[in-house]
Protein chains: 2
Amino acid sequence: MTQQPRNGRAPSVKDVAAAAGVSLGTVSNVLNRPGVVSATTRERVERAMAELGFVRNESARQLRAGTSRALAYVMLDGGNPFFQDVAEGIEIAADAADLSLFVCNSGGRAERESKHLDRLVQQRVQGILITPVDPDAPHLADIARRGIPFVMVDRLSDAGGHCSVAVDDVLGGRIAVEHLIDRGHERVAFVGGPESIGQVRERYQGAREVWEEFGKPAGDLIHLPTEALTVSEGRSAGERLAGLPSRRRPTAAFCANDLLALGLLQHAVTAGLRVPDDLAIVGFDDIDFAAAAAVPLTSVRQPRQELGRTAARLVLDEATNPDHVHEQATFVPALVARASTGTVRR
Amino acid sequence: MTQQPRNGRAPSVKDVAAAAGVSLGTVSNVLNRPGVVSATTRERVERAMAELGFVRNESARQLRAGTSRALAYVMLDGGNPFFQDVAEGIEIAADAADLSLFVCNSGGRAERESKHLDRLVQQRVQGILITPVDPDAPHLADIARRGIPFVMVDRLSDAGGHCSVAVDDVLGGRIAVEHLIDRGHERVAFVGGPESIGQVRERYQGAREVWEEFGKPAGDLIHLPTEALTVSEGRSAGERLAGLPSRRRPTAAFCANDLLALGLLQHAVTAGLRVPDDLAIVGFDDIDFAAAAAVPLTSVRQPRQELGRTAARLVLDEATNPDHVHEQATFVPALVARASTGTVRR
DNA sequence: CACCACGAATGAAACATTTCAACCACGTCT
DNA sequence: AGACGTGGTTGAAATGTTTCATTCGTGGTG
C-alpha cells in the first residue's frame with residue numbers, strides 16, 4: 001500500500017475512479033459486485049485503490065443503506081466477569097454475521113443506560129441487546145416502539161413485546177439451596193440485594209420455595225441484604241455473619257452471585273471460619289474466578305456464552321426476518337459442586 | 001413523545017421542517033445553534049421533533065463532518081479485569097468529551113486485532129487506543145501513517161511515532177523481587193510467558209537485575225515459563241512447582257500478572273502448600289480479585305484507570321490540537337503488600 | 001447489411017445532515 | 001426619505017456511497 005502524502009482528506013471512490021480512469025459507478029461495482037466488471041478493469045481499479053490507500057467510508061454506506069452494520073450490547077456491570085462472558089458470546093455471533101459490536105456499560109445506573117441508548121439510536125444500530133437496570137423503564141419501551149430490534153439479556157420479559165434470553169433464576173435458587181439441604185444444613189443464609197434487582201428476587205424466591213417444601217422453619221432461612229452485587233459488599237456481609245453468636249450463625253450461605261460469594265469467602269477465612277466446615281458457601285454464575293478461589297467455590301452455572309450467542313441470534317432474526325416472532329429463551333442452570341460446600345455434614 | 005405509526009423510515013429533519021412549517025435549515029439551527037433562532041419558532045420546531053420522535057441520524061452528521069464522534073480501544077485480553085479497568089478509565093474521559101467508545105477485544109490474536117482495526121478505520125473513528133499483540137506489527141504502522149490519532153496503551157513505543165502510556169515494567173519487576181528478598185527468600189521463581197509479550201520480558205528483566213544487584217546466584221532465580229497469562233496456566237505452573245523436591249523448590253514466586261498468581265495460589269493450596277509460609281506469592285496489576293483472594297495477594301499496583309484516562313487525554317489532544325507532540329507517559333508502579341507474602345522469614 | 005442481444009461501463013439520483021451566503025422585514029439613524 | 005444595520009430565516013451546495021436505468025460497443029444472427 002504505497003501512499004501519497006496525506007493532503008487532508010481521505011481518498012474517496014471518486015478519487016479512485018479518477019486514478020483508474022473509470023467512472024465512479026464502476027469502482028462501486030468492484031467493491032460490491034465484482035462479478036459484473038471485467039477482469040482487466042477490476043484489476044486496474046484494485047491497483048488504484050491500493051495505491052491511494054482507499055478505505056470505504058462507513059458513514060456514507062450507512063447513510064445510503066439507512067442502517068449501520070453494528071449491534072450493541074449494554075451491560076449491567078462491566079466489572080462482573082459474567083457479563084464479559086455474555087458479551088463474548090454476542091461478539092462471536094456478531095462477528096459471524098460480519099457486524100461490529102458496540103459494548104457499553106451502564107454500571108447499574110439508569111441515566112447512563114439511557115444515555116447509551118440515545119447514542120445507539122442515533123447511530124442507527126441494527127439491534128440492541130441489553131441487560132437492563134430496570135426492565136420496566138420507559139426508555140426501554142421507547143426503543144421497542146421505534147421498531148429497533150431489541151433483546152433483553154439475563155432477564156425474562158413479562159410483557160412479551162420483545163425477545164429475551166435468561167436462565168431460570170427461581171430454579172437456580174432451588175438447586176443451590178437443595179444442595180445445601182442435601183449436605184445437612186439446617187440454618188442457611190441468603191446473601192443478596194438490593195431487591196430491586198430481579199435476579200436477586202427470583203433466586204431468593206427459589207431458595208424459599210425449596211426450603212419450605214422440605215419442611216424447614218422459615219425463620220432458619222436468614223436474609224442478609226446487601227447494597228450491591230460486589231466483592232466488597234460480600235465482605236461486609238461476611239462481617240455481619242461472622243459477628244453472630246455461633247449458635248445462631250448459619251452453617252451455610254447462598255449468595256446471589258459469585259462476586260458476593262468471593263467477598264464472603266474472603267472475610268470468612270480472615271475471621272477464622274473454616275470453609276466449608278464452619279461455613280459452606282454457594283455462589284451463582286460460575287465465573288472463572290469461582291473455580292480459581294483458594295477454596296474453590298460451588299456455584300450455580302449459567303451458560304454464559306450461550307446466553308450471548310442466543311441473544312445475538314434472536315436480535316439478528318428480528319432484524320432480517322420479516323416474519324420474526326418474539327421468543328423467550330430460557331436456559332436451565334446447573335450446580336457445579338466444589339470444595340466450598342464440602343461433603344455431607346455430621 | 002407521541003409517535004405516528006412507523007411508516008418504514010425514521011423521520012428526518014425534512015419531515016420535522018414540514019411539520020413545523022419552517023425550512024430545513026432552521027431545524028438544523030435549532031439543533032446546533034439554538035441561540036440564533038427565535039423563541040417561538042424554536043418552540044414550534046421542538047414540539048414537532050417530539051411529536052415525530054425525531055432522532056438525529058449520526059451517519060449523516062459524520063459524513064458531513066468527515067469524522068465520527070467516537071474513540072476506540074482495542075484491548076488485548078477481555079478476560080483480564082486489568083484491561084477492563086483501563087477501558088473504564090478511557091470511557092470516563094471519552095464520556096467527558098461527549099464521544100462514544102468502541103471497545104474491541106483482540107484476545108491476543110493478531111488477525112482479530114487487524115480485523116478490528118480495519119473496521120475502525122472504515123468507521124473513521126477520531127482516534128484509536130490499543131494494547132497491541134505485537135507493537136511492531138505492520139498494520140499498526142498503517143494506522144499511524146494514515147494520520148489517525150493513535151495511542152499505545154500499557155506498552156511503550158520505542159519508535160516514538162506516536163504517543164504511549166505505560167507503567168515502568170522493569171521497575172515493577174524490581175520492586176516485586178526486592179520485596180521478596182527483603183522477606184528473606186533465597187530461591188525465587190519467575191512465573192510467566194510467553195516471552196513474545198513485552199510486559200513479560202521486562203518484568204522478568206527487572207527481576208533479574210535486582211536479583212543480581214543483591215549478589216544472589218543467578219541459578220536461584222528460576223524461570224517457570226507459561227503459555228499465556230491466564231488462571232489455568234497459573235495452575236499448571238503450580239503443578240510443576242509443587243512437583244519439585246522441597247529442597248530445590250523456590251520459597252517464593254513472582255508472577256507476571258495476577259491471573260497467573262491466582263491460579264498458582266489455588267494450586268498451591270490444593271497441593272497442601274501453605275501460603276505464604278511454604279510459598280510466598282507476588283502478582284502484578286493488583287486487580288480487584290487479588291485483594292479478594294482467600295489469601296489476599298501481594299501485587300504490584302498499576303494505576304489502571306489513570307492509564308486509561310491519560311491515554312484518552314493524549315489521543316484527544318492529537319485529534320484536536322494542531323501542534324500536538326507525541327508523548328510517552330510513564331507511570332510508577334507500587335507494591336501493595338498483603339498476606340500472600342507474609343512477614344520476614346526465619 | 002441491418003438488427004438484436006448482451007456484457008460492460010456510465011451518470012444521475014438519493015440518503016440526512018451541516019454550513020454559509022443570500023435574503024427579507026423592520027426598525028433606526030442621519 | 002433613504003441608507004443601513006440586524007435578527008431571523010431560507011435555499012443550495014457538499015459530504016461519499018450505492019443503485020438503477022441508460023448508454024455504449026461488439027459480436028453474432030437473420
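Numbered from 1 within each chain, the chains take letters A, B, ... in sequence-line order.
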What is the distance, rounded to the nearest whole Å, between atom [atom1] of [X] and atom [atom2] of [N]?
| X | N | atom1 | atom2 | value |
| --- | --- | --- | --- | --- |
| Q122(A) | dT17(C) | CD | C1' | 12 Å |
| L31(A) | dT17(D) | CG | P | 8 Å |
| R124(B) | dT17(D) | CZ | C1' | 11 Å |
| D15(B) | dA16(C) | CG | P | 8 Å |
| R56(A) | dT19(D) | CZ | C1' | 14 Å |
| L24(B) | dA14(C) | CG | C1' | 15 Å |
| F54(B) | dA16(C) | CZ | P | 10 Å |
| N57(B) | dA14(C) | CG | P | 18 Å |

What nucleic acid atoms does [X] come within less than 4.0 Å of, heavy atoms only: base, sugar-phosphate, or nothing?
| X | answer |
| --- | --- |
| S59(B) | nothing |
| N32(A) | sugar-phosphate |
| V55(B) | sugar-phosphate |
| S12(A) | sugar-phosphate |

Closest-nucleotide ordering on DNA chain D, the 5'-leading residue of L63(B) and G25(B): G25(B)

Most 5' of G21(B) and A60(A) on DNA chain D, judged by nearest nucleotide: G21(B)

Phosphate-side-chain proximity, [X] and [N], N/O vs OP1/OP2 below 4.0 Å:
| X | N | result |
| --- | --- | --- |
| S38(B) | dG8(D) | no |
| T26(A) | dA9(C) | no |
| R33(A) | dT19(D) | yes |
| R9(A) | dG16(D) | yes |

Note: R9(B)-D15(B) ion pair, threshold 4.0 Å (strictly below): yes

K115(A)/D118(A) salt bridge by N-O under 4.0 Å criterion: no

Contact list for residues 67-79 of chain B, test side-chain hydrogen bond (donor to acceptor under 3.5 Å, both in side chains), sequence neighbours left out: Y73(B)-T131(B)

Listed nucleotide nearest any side-chain atom of [X], set [options]:
| X | options | result |
| --- | --- | --- |
| V13(A) | dT17(D), dT9(D), dC15(C) | dT17(D) |
| V22(A) | dT10(C), dG11(D), dT17(C) | dT10(C) |
| R61(B) | dT19(D), dG11(D), dT17(C) | dT17(C) |

First of T40(A) and E58(B) reached from the 5' end of DNA chain C, by closest nucleotide: T40(A)

I92(A) side, atom CD1; Q305(A) side, atom CD - distance, nearest 0.5 Å: 4.0 Å

G78(B) backbone acceptor or donor facing Q84(B) side chain under 3.5 Å: yes

Under 3.5 Å donor-acceptor, R33(B) side chain and V30(B) backbone: no

